[in-house]
Structures are given as C-alpha cells and as structure tokens.
Amino acid sequence: MAHQVYLPPQLLLVPLPRPHVLFPFLQVTLVLSRQQAEHVRASLAELPDGAMAVAAVPVADHDKRVGRWACAAVVKHIKEDADECTVTLEGVARIRLPCALPPVLSILPPLTIPSSAYTLPLPSPTSPPSLLPVASRLLPASLHPKLARLPPTLQADLLAVILGLEWDVRVELLGTPDAAERAARVEAAMLRLLAARGLPAPPTAPAPGPTSALVKRERDAAPPNTPEDVQPLYALLSTRAPELSSTAAGVVRRELARLAKLPPHGAEYGVARTYVEWLLALPWRRVSEGARVELEDARARLENEHEGLHEVKRRVVEYLAVYRLKRALWEEQRPKRVQVAEPAETDSDVDGDGGAQLVRPKQDPDVFIDKAPILLLVGPPGVGKTSIARSLAGAMGREFHRVSLGGVRDEAEIRGHRRTYVGAMPGLLVQGLRKVGVANPVVLLDELDKTSSGNFYGDPAAALLEALDPAQNWSFHDHYIGDVAIDLSQVTFVATANTLDTISAPLLDRCEVIECAGYITDEKLLIARRFLLPKQVTENGLAEGAVEMDEQVMRLLIEEHTREAGVRSLERLIAKVCRAKAVEFSKARDSGKTYSPSVTLDNVRAILGNAKYEREVTDDAGRAGVATGLAYRGSGNGGILLVETALIPSGSGKLHLTGNLEKVIRESAELALAWVKAHAHALGLVVPPNADVHVHLPAAAVKKDGPSAGVTLVVALVSLLSGRPVPPTTAFTGEVTLRGVVTAVGGIREKVLGAHRAGITRVIMPAANERDVADLPPSVGGIETRFVKDVSSALEVVWPGVFDKLAREARL
C-alpha cells in the first residue's frame with residue numbers, strides 16, 4: 001500500500017502541469033516523451049536509496065512552480081508507446097519543500113532533474129466531520145457506500161477530484177495540511193455548487209450565504225496563485241481579523257496583495273513582509289481582564305512589598321478605589337450600551353475644505369477604558385518607584401511593561417522610524433504593546449527626566465506629549481506603522497523621575513506629581529531586616545539564618561558607610577558582608593570548626609574598613625559668630641551646615657565669602673549683611689566702617705547653593721557683632737528678603753531628619769512650612785519646631801528679650 005512505502009530523504013522534483021493535482025492515496029497519469037521517461041528512469045536509478053519515489057510539484061503555465069507544497073508519490077509503472085510514455089504516480093503524503101527551489105521546474109534531457117529535501121506536516125489533532133450529507137446530493141447513489149467507507153481525512157481530497165473543482169482550489173487544498181480546514185473548504189465549495197444548481201442544502205449544513213463563518217473568512221483567505229510564503233500571513237489575517245481595527249485590516253489586505261506581486265529576493269519584499277507581520281502582531285482589541293480589585297488586598301500587598309512611602313501608597317490605593325468604582329459603574333451600564341452600540345468606524349471623514357479629518361472611533365461596549373491621570377513618581381534613586389508601579393499592575397491584574405527613557409535622544413525612539421530607512425523599527429511604546437500582547441497594560445516610563453531635548457535628532461519629550469494626553473492618545477501616530485492609528489487610551493501610564501527641573505512644562509502639565517521622599521534610618525533598618533538581608537543571604541549561597549545582624553550593626557552600616565536616600569548602597573554593603581560570611585562558612589565546614597552566624601561591629605570594621613562618613617555633630621563650644629543651618633543634599637538626605645563668621649578690623653568694608661559657594665548663596669550672604677547694617681541701630685549693634693566681614697562654610701570640597709541659609713546667615717552676623725553665642729542645639733532654615741521676611745523653603749522632612757541625627761533639639765523654620773511638619777515621622781518628635789514670619793521673630797526666639805526695640809518696630 002502507498003502509506004507503507006519508504007520515502008528517501010531526497011526526492012526528485014517532477015513537475016505536474018495543469019490541470020493535474022495529486023493528493024495522497026490517489027493516482028495521476030503523466031504523458032512524457034520517450035526521452036523524458038528514460039531521463040526520469042535514469043535519475044531514479046542514480047539515487048542512493050534506489051526508491052521509486054518522486055515529489056509531484058504543481059506547476060502553472062510555462063512550468064512555473066506554484067507554492068512550496070507537493071505530494072510525495074511512488075512510480076507505479078511506466079508504459080511505453082511508439083512516441084510517448086505514460087507514467088502513473090500514486091500519492092503517499094503531503095510534503096513541504098524548502099524555500100531555495102528553482103522557480104521553474106522542467107524535465108529537459110540531458111539536464112539534471114533537481115531533487116530536494118522536504119518536511120512532513122504534523123497530523124491533524126482532530127478528525128473532521130463526514131462530508132457525506134452534503135456530497136450525497138451531488139454524487140450518484142452508487143458512490144455513497146464507497147464514500148462512507150473512507151475516513152473523513154480522505155473524503156475532502158477525493159471529492160475535490162470527483163467534483164472537478166478548479167485547479168487553483170485544488171492547489172490550495174494540497175497546501176492545507178489541517179484536515180478540518182480542508183474539509184470545511186470542500187464543504188463550502190459543495191454548498192456553492194448546490195446553490196448554483198438550485199438544489200436544497202442538507203438541514204444540518206450551514207447556509208452558503210454571508211452568515212456562514214467560513215464564508216466570512218473567505219475575504220481574508222489567500223486568493224488563487226498566492227505565493228507559498230505569503231499564505232501563512234493570509235491564514236494569520238483570517239484568524240486575527242476580529243481583533244483588528246477596520247483601518248488595520250484594510251492596510252494588511254492591501255499590503256498582502258502588494259506582497260504577493262513582489263519578488264521574494266527583492267529588498268522591498270522584506271520591508272513589506274516585516275510591516276505586515278508587525279500589524280498582525282499588535283494587540284489591537286485584545287485586553288486582559290484582571291480579577292476584581294480588592295482594596296484591602298492591594299493595601300496589604302503594598303505594605304508587605306514596600307516600607308515607608310506612605311503618601312505614595314495612599315495615592316495608589318485612591319487610584320485603585322476610583323478604578324474599581326468606575327469599572328463597577330461601567331459593568332452596570334454595559335447592557336444598555338450593548339443595545340445601542342454601533343459598529344466602530346475608523347475611516348476618515350472629509351470636511352468641507354476637502355481635507356481629511358480623523359474621527360474618533362466609537363467605544364467598544366465590551367472593552368473598559370479608564371481615562372486615569374498619569375502618575376509621576378518623583379524622588380531620589382533607590383526609593384522603590386519602579387517597584388511601586390509593578391505592584392500597581394499586579395493589584396489591577398494587568399500586564400506590566402517598563403520603557404527606559406534614560407538617554408533617549410532621538411524622537412524616532414518614541415514615534416518609530418520611517419520604513420524608508422534600513423533597519424526601521426516601531427517606537428518603544430508600540431514595541432511594548434507587542435511584547436505584552438494586550439492593549440491595556442501598565443506601562444512604566446522610567447527616568448522621564450533623563451530624556452534629551454532640543455537636539456539634532458528631535459525632541460523625545462515632545463513626542464511623549466501625544467502619548468500622555470488622554471484627549472489625543474486614542475490615535476497615536478507611529479512613523480513605522482504609518483496611517484494606522486494606535487489606540488493608547490487603554491494604557492495606564494506611570495512615570496518616574498529623580499527631579500522635575502529637566503522635565504518640560506507641557507509634559508509636566510499632563511502628569512500628577514507624587515513626591516517619593518528618601519527613607520529615614522528607622523525605615524532603612526526595617527527594609528534591611530525584611531528584604532535586603534534575606535535576599536543577599538540566599539543569593540550568596542547561604543541557608544536561611546546563616547547571617548545575623550543586630551540593630552547596632554545595621555545602624556553602623558547605615559550611618560557610617562552610606563549616605564543616600566535609597567537603599568542600593570546599603571544592599572551592596574550587606575552583600576559584601578554576606579560574601580565574607582560565606583567564605584567563613586566554607587572554611588569552617590572544610591576544617592570542621594564551629595561557624596558563628598552573628599556579625600559583630602568588629603567584623604564589620606574588618607570587612608568594610610574605616611567609616612566613610614563621620615556623624616554630623618553640633619558645635620558644643622557655642623562661639624559667637626557661629627550658627628547652625630540645615631541643608632538639603634541632592635541625594636535625598638539632609639544634614640546640618642555650620643556658618644562661621646569673623647570680623648577683620650583693618651580692612652576696607654568688604655564681604656569675603658569662602659567655602660565653594662555658588663551664586664544664590666552668595667547673594668543670600670550679601671542680603672543678610674545689608675539687612676544687619678540697615679537695622680544695626682535698632683539692634684544696638686556697631687558695625688566698624690572699615691572692617692571686613694568674612695563668612696565661611698566648612699566642607700569646601702562640596703559645592704553649596706540655595707536660598708535656605710538666609711536666616712542662618714543673619715543670626716550668625718548678629719551673633720558676631722553682638723558677641724552673643726547661638727545655642728549649639730538650635731538650627732535654622734529659611735529664605736530672607738530685604739525687608740526681613742522669612743519665606744518658605746523645600747526639603748523640610750530631610751532637613752529635620754538630618755538635624756535629629758546631629759543632636760539638634762530645636763529647629764526654627766518659616767511659618768509657611770508649618771504644613772510640612774505633619775509629614776515628619778514620629779521618631780523626630782523630640783525636636784521642638786518654632787515657626788517665624790520675619791527675622792526679628794527668629795532673633796527673639798534665640799535671644800528672648802534682647803532685641804525688644806527691633807521686635808516692637810516689626811510689630812508696628
């Protein structure tokens with residue numbers, strides 16, 4: 001039997017001209033000349049296996065090969081006549097040929113008949129239904145029993161030959177390895193024959209009209225004579241057609257028709273094929289429907305995964321609560337929307353001036369769209385901004401994708417490259433949609449403040465304006481995708497940044513800014529215990545509990561070896577200690593000694609060396625002319641900053657500033673000295689006319705700038721000229737105007753925490769910053785905070801009753 005024939009790994013490619021198409025287990029007869037028949041017999045004899053097997057390849061006019069599917073066949077017999085020979089072939093199995101085949105197949109002695117390797121398709125997972133109910137109305141009654149004895153997998157091939165279907169249709173059936181799809185195609189063809197002959201269809205058969213699912217898919221099926229390489233794209237289009245927008249489906253059909261006419265080896269062919277594959281891979285209407293959002297579960301998840309960040313957690317819970325209410329309202333109104341819903345239209349309307357105007361498609365009643373604000377998490381590095389966004393996606397049951405914008409300097413990275421360029425690709429947003437496979441993910445725009453702007457390659461930040469605007473992002477334009485608009489209205493965007501200074505004002509206007517402050521020491525202790533230490537113990541190959549650190553050791557690492565707002569450096573130090581303990585454990589195990597998991601202070605000093613940072617302390621001496629200010633360090637930390645002043649009698653009345661001071665703090669010093677001189681009489685001070693004043697801020701290797709030292713400079717100068725020392729446990733912050741008004745400053749939380757670490761017991765700050773004190777942690781409750789509106793009030797707090805005259809003038 002044919003299915004028991006051994007097929008060699010290489011088969012001769014025998015052309016099978018119109019109108020013949022050979023199917024497995026059927027026979028076909030070819031008419032060849034005597035020379036051609038002898039050439040075929042000689043070529044078969046030269047094969048190493050000696051098998052009488054060939055590949056019957058359908059060819060069109062002029063022996064042009066059609067597709068890459070063929071039928072492996074055995075040569076049953078060759079009958080010789082006077083001038084010609086008849087060769088009978090019996091099909092064995094469908095085979096798929098490789099791409100590198102000659103476009104024309106002919107038997108031209110003495111040229112060698114080409115041979116090729118092949119692959120066998122996988123068998124169909126399910127058996128198709130019998131075609132006898134429909135075929136019985138077209139075939140004579142004598143054939144009904146014979147057809148019923150055949151398996152359904154062979155009925156389709158046999159009926160295609162008996163009914164005399166068109167050659168193009170039979171070639172398509174040969175290239176359809178799935179038996180169920182092959183049977184459906186033949187059934188649809190028979191229904192059309194019944195309708196053409198005026199015969200009734202079986203009651204169980206689907207109507208041949210447009211309501212049939214198969215007939216609906218015929219619009220997206222590959223037309224006759226479609227190249228084999230393009231047929232999988234047509235099959236993918238017919239599968240994904242319900243998910244595509246009408247514009248995308250039309251563009252895909254247009255590009256596939258164009259692709260079928262291009263030569264496969266041309267450069268334009270690869271560009272067009274890649275473009276079609278991108279269009280078919282994007283999740284146009286495919287969304288992920290997450291589980292119901294439970295606020296308590298979301299709140300518990302945020303608390304378990306993150307320490308501190310209370311304001312951020314509160315805002316995330318608020319966002320989830322609003323999202324749940326809006327979704328519940330949408331589900332209640334969904335039946336009404338389904339009744340009145342109209343088909344979505346994405347075609348362009350033409351206005352009166354003849355220009356095309358893009359019309360927003362009607363909302364799909366089965367898709368929930370949440371027009372939520374874009375959350376912008378701003379804070380120093382390492383405080384958990386990215387992990388917060390990941391937790392938000394998990395709580396919503398959405399897919400998560402991160403887009404790194406750090407260093408992006410080309411607008412094409414956002415909007416994509418035009419297809420005319422070599423190696424063109426869509427933008428990062430479109431690539432992310434293809435990666436996650438849904439149209440409603442949570443997309444994190446990481447390092448939004450690191451995007452370059454205003455360069456030769458365009459402005460990436462300006463390209464993000466359309467994506468982040470809810471009024472425009474339903475029709476986001478990507479240069480690679482072209483005229484097909486990308487709907488980003490279902491995407492939930494979350495952005496992160498370290499600073500707002502480098503973000504453009506229009507882009508910032510589209511975001512809701514949420515400040516992520518740095519961690520305090522107590523929060524770092526909890527983070528190190530709950531997350532960092534167990535993680536590093538596992539990553540360094542140690543068992544749970546193999547490294548133990550008490551609070552003293554942790555505080556030593558935090559206060560003397562790191563100075564950061566986040567915990568990344570702290571994690572690296574813990575990893576270094578764990579590696580040292582891993583070495584100690586290995587040595588103890590090899591030598592049989594006892595291993596101690598505890599880490600002492602001496603162990604830390606031996607592993608990490610001397611402390612990198614000294615603990616900030618106040619000036620216990622309480623000298624005149626010295627005041628303690630509060631400074632905000634750019635890394636998210638705060639600390640104290642001493643202001644030292646000196647009076648030089650033999651001078652020229654100039655002001656000398658040292659300590660690596662920038663422009664703003666220099667202006668603050670000049671303003672402070674001007675105010676003191678202007679109010680010297682009311683203060684009872686005598687300023688020598690020829691004396692120079694020298695102001696110095698220690699730690700000259702560090703640049704210093706900002707207006708927060710205004711009050712501190714005034715108090716230091718008054719202390720210098722009056723000879724009264726400032727209490728060393730009192731610190732100041734606030735900007736001073738020429739009228740002596742104390743205005744608000746930033747970084748209050750970090751400054752007060754730094755003052756607490758340095759042993760400060762009283763902080764004098766602007767009255768406008770009173771609202772910021774509510775955000776302070778309970779651990780700094782021992783610090784007394786005094787709020788002042790002007791400089792005279794600050795001097796009254798420092799030296800009560802000393803400068804009554806100035807205080808009275810200020811009240812007047």
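Model, not experiment: these values are computed from the prediction.
A donor-acceptor pair under 3.5 Å is absent between the side-chain atoms of Thr761 and the main chain of Ile783, judged by distance alone. Using a distance-only test at 3.5 Å, with no hydrogens or angles considered, no donor-acceptor pair links the side chain of Asp449 to the main chain of Ile503. A donor-acceptor pair under 3.5 Å is absent between the side-chain atoms of Ser719 and the main chain of Val715, judged by distance alone. Ser793 contributes no side-chain N or O that, together with a main-chain N or O of Lys789, makes up a donor-acceptor pair within less than 3.5 Å. Proximity of a side-chain donor or acceptor of Tyr519 to a complementary backbone N or O of Val383 within less than 3.5 Å is detected. The main-chain N or O of Ser569 is found under 3.5 Å from a side-chain atom of Glu564 such that the two form a donor-acceptor pair. Judged purely by atom type and a 3.5 angstrom limit, Asn769 has no side-chain atom pairing as donor or acceptor with the backbone of Ala744. Panel note: side chain Arg510, backbone Pro506; a donor-acceptor pair is recorded below 3.5 Å. The main-chain N or O of Thr386 is never found under 3.5 Å from a side-chain atom of Thr496 such that the two would form a donor-acceptor pair. Formation of a donor-acceptor pair under 3.5 Å by the Arg409 side chain with backbone atoms of Thr451 is not found in this model.
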- Between Glu551 and Arg555, does a salt bridge (charged side-chain N to carboxylate O under 4.0 Å, His left out) hold up when you go through it step by step? CA-CA 6 Å; Glu551 183 175 340; Arg555 285 190 178 274; 3.1 Å; yes
Could you walk me through whether Val643 and His696 pass the side chain to side chain contact (heavy atoms under 4.5 Å, CB included) test, one step at a time?
CA-CA 6 Å; Val643 175; His696 176 72; over 6 Å; no
TODO: For Thr492 and Val443, run side chain to side chain contact (heavy atoms under 4.5 Å, CB included): C-alpha distance rounded to whole Å, both residues' side-chain angles, the deciding distance at 0.1 Å, then the answer.
DONE: CA-CA 6 Å; Thr492 300; Val443 174; over 6 Å; no
**OP:** Give the C-alpha distance, both sets of side-chain angles, the deciding distance and a yes or no for side chain to side chain contact (heavy atoms under 4.5 Å, CB included) between Leu295 and Leu320.
**Re:** CA-CA 7 Å; Leu295 295 183; Leu320 294 175; 4.0 Å; yes
Leu468 vs Leu507, test: side chain to side chain contact (heavy atoms under 4.5 Å, CB included). Steps then yes/no.
CA-CA 8 Å; Leu468 299 183; Leu507 186 59; 3.5 Å; yes
Requested in this report: Verify salt bridge (charged side-chain N to carboxylate O under 4.0 Å, His left out) between Arg415 and Asp478, making sure each step is shown before the conclusion.
Outcome: CA-CA 5 Å; Arg415 286 193 175 276; Asp478 187 278; over 6 Å; no
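The side-chain heavy atoms of Leu630 and Glu750, taken from C-beta on, include no pair separated by under 4.5 Å. In this structure, the side chains of Ser668 and Glu670 stay at 4.5 Å or more apart for every pair of heavy atoms. Put simply, the side chain of Leu376 reaches to within 4.5 Å of the side chain of Leu500, judged on heavy atoms.
Thr658 and His694 share a donor-acceptor pair across their side chains, judged by distance under 3.5 Å alone. Side chain to side chain, Asn603 and Lys581 fail the donor-acceptor criterion of an N or O pair below 3.5 Å. Ser708 and Lys751 share a donor-acceptor pair across their side chains, judged by distance under 3.5 Å alone.
For the side-chain hydrogen bond (donor to acceptor under 3.5 Å, both in side chains) test with Gln536, the passing option among Arg579, Glu571, Arg572 is Glu571; the others fail. When each of Leu444, Val494, Leu392, Val436 is tested with Phe400 by the rule side-chain contact (heavy atoms from CB on, under 4.5 Å), just one qualifies, namely Leu444.
A search for side chain to side chain donor-acceptor pair (under 3.5 Å) contacts involving Lys435 returns nothing, not counting sequence neighbours.
Residues in residues 523-533 take part in these side-chain hydrogen bond (donor to acceptor under 3.5 Å, both in side chains) pairs, two or more places apart or across chains: Glu307-Arg530.
Here the straight-line distance linking atom CG of Leu608 with atom CG of Asn610 works out to 10.5 Å at 0.5 Å rounding. Rounding to the nearest 0.5 angstrom, the gap separating the NE2 atom in His417 from the CE atom in Met425 is 9.5 Å. In this structure, CG on Asp469 lies 12.0 Å from OG on Ser489, to the nearest 0.5 angstrom. Taking OG1 of Thr737 as the reference point, atom CG of Leu671 lies at 7.0 Å (rounded to 0.5 Å).
Between Glu784 and Arg786, at least one side-chain N (NZ, or NE/NH1/NH2) sits under 4.0 Å from a carboxylate O, which counts as a salt bridge. In this structure, Lys612 does not pair ionically with Glu560, as no charged nitrogen and carboxylate oxygen lie closer than 4.0 Å.
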